[in-house]
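Heads up: the structure comes next, in structure tokens.
Per chain, numbering begins at 1; letters A, B, ... match sequence-line order.
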2 protein chains.
Amino acid sequence: MIETHYNCPCLETCPLSRSMDLIGGKWKMQIICTLNNGGPTRYNELKRRMDGVSNTVLARALRELESVGLVERREYMEVPVRVEYSTTEACDALIPILDQLSEWYEAYEAER
Amino acid sequence: MIETHYNCPCLETCPLSRSMDLIGGKWKMQIICTLNNGGPTRYNELKRRMDGVSNTVLARALRELESVGLVERREYMEVPVRVEYSTTEACDALIPILDQLSEWYEAYEAER
DNA sequence: CGGTATCCTCGCCGATACTG
DNA sequence: CAGTATCGGCGAGGATACCG
């Protein structure tokens with residue numbers, strides 16, 4: 001019998017790892033949840049709701065999420081300027097999966 | 001109209017964040033995938049299949065996964081000693097969700 | 001209001017050597 | 001074989017000040 005290599009598919013191209021590259025950071029899931037719950041949200045309002053995040057970090061995470069198409073940034077030419085962030089369709093498709101992950105954790109914790 | 005606070009549920013007790021505490025590190029999902037694909041696996045065999053992980057890091061991740069009940073460690077009193085790692089039931093319940101996350105990524109990537 | 005610029009810290013990750 | 005001990009770097013995360 002020839003020794004087969006059951007190498008983990010989670011190497012360079014693993015879609016699971018790639019997913020985590022997109023939503024893995026410390027705040028990204030929280031941003032997604034907040035935008036999903038509250039709809040389009042202005043920058044400072046988002047920051048208030050996320051209690052504890054700094055400007056540097058929140059702005060960076062938002063830019064990254066926007067650059068990969070998970071969050072949409074809309075700038076309204078008012079004075080003072082108004083900027084609203086919201087989830088994209090690609091992001092919305094992710095929500096049910098995150099919900100299941102939450103449910104899994106609740107069940108996991110209940111049995112411990 | 002009273003201003004309601006749609007504060008993100010993803011604060012201290014958010015099950016989503018707690019899930020990530022369990023499986024978030026750099027290698028943990030890969031360990032889970034490998035054990036799920038290959039069944040009970042010995043330490044060095046696991047290390048080989050995970051191509052690139054060091055002893056320090058793999059052993060640490062395995063201990064953490066074991067301590068939270070996602071991975072089981074079985075030590076057989078042979079000479080030389082044989083140790084096999086496998087997924088627990090709680091971990092198995094997670095697999096379908098991770099599969100969905102992978103599928104989401106494939107769809108996401110296809111549309112970009 | 002909605003950020004950027006700058007600097008810093010801390011802990012994850014890892015290489016290497018060693019051991020029961 | 002299956003790890004632990006030790007040390008180090010490096011980058012995500014963050015505090016603070018400032019800007020268009």
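Take Y43(B) and apply the ring-ring contact (aromatic ring centres under 6.0 Å, His included) test, not counting sequence neighbours, and it matches no residue. Judged as a salt bridge (Lys or Arg N to Asp or Glu O under 4.0 Å), and not counting sequence neighbours, the contacts of D21(B) are R18(B). Applying the ring-ring contact (aromatic ring centres under 6.0 Å, His included) test to Y105(A) and every residue at least two apart in sequence or in another chain returns Y108(A). The side-chain contact (heavy atoms from CB on, under 4.5 Å) test applied to Q100(A) returns I97(B), Q100(B), not counting sequence neighbours. Contacts of R82(A) classified as salt bridge (Lys or Arg N to Asp or Glu O under 4.0 Å), with partners at least two apart in sequence or in another chain: E78(A), E84(A). In this view, K28(A) and E64(A) satisfy the salt bridge (Lys or Arg N to Asp or Glu O under 4.0 Å) rule, not counting sequence neighbours. For E72(A), the salt bridge (Lys or Arg N to Asp or Glu O under 4.0 Å) partners are R74(A), not counting sequence neighbours.
Here the P atom of nucleotide dG2(C) and the CG atom of N44(A) are 5 Å apart, to the nearest Å. The distance from atom CE of M50(A) to atom P of dG2(C) is 15 Å, rounded to the nearest whole Å. The distance between atom CG of L46(A) and atom P of dG2(C), rounded to the nearest whole Å, is 10 Å. The nearest whole Å value for the distance from the CG atom in L58(A) to the C1' atom in dG3(C) is 10 Å. Counting to the nearest Å, the P atom of dC1(C) and the CZ atom of R48(A) are 11 Å from each other. The nearest whole Å value for the distance from the CG atom in L65(A) to the P atom in dG3(C) is 13 Å.
Residue pairs meeting the salt bridge (charged side-chain N to carboxylate O under 4.0 Å, His left out) criterion with at least one partner in residues 99-112 of chain B, sequence neighbours excluded, do not occur; the list is empty.
In the 5' to 3' direction, nucleotides of DNA chain D lying under 4.0 Å from heavy atoms of chain A begin and end at dG13(D) to dT16(D).
The terminal axes of the helix from dC1(C)-dG20(D) to dG20(C)-dC1(D), fitted over 5 pairs per end, subtend an angle of 60° to the nearest 10°.
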Can you list the steps and then say if V81(B) with Y76(B) is a side-chain contact (heavy atoms from CB on, under 4.5 Å)?
CA-CA 6 Å; V81(B) 56; Y76(B) 298 89; over 6 Å; no
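Using a 4.5 Å cut-off on side-chain heavy atoms (C-beta onward), R73(B) and L62(B) make no contact. Contact check for V71(A) versus S86(A): no side-chain heavy atoms found under the 4.5 Å cut-off.
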Scoring nucleotides 13-20 of chain C by protein non-hydrogen atoms under 4.0 Å (B base, S sugar-phosphate only, - none) yields BBBB----
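No option in R49(A), K47(A), R42(A) other than R49(A) meets the salt bridge (Lys or Arg N to Asp or Glu O under 4.0 Å) test with E45(A).
Residue E66(A) qualifies as enclosed at atom CD: its count of foreign heavy atoms under 6.0 Å is above 12.
A heavy atom closer than 4.0 Å to some atom of DNA chain C occurs in no member of residues 66-77 of chain B.
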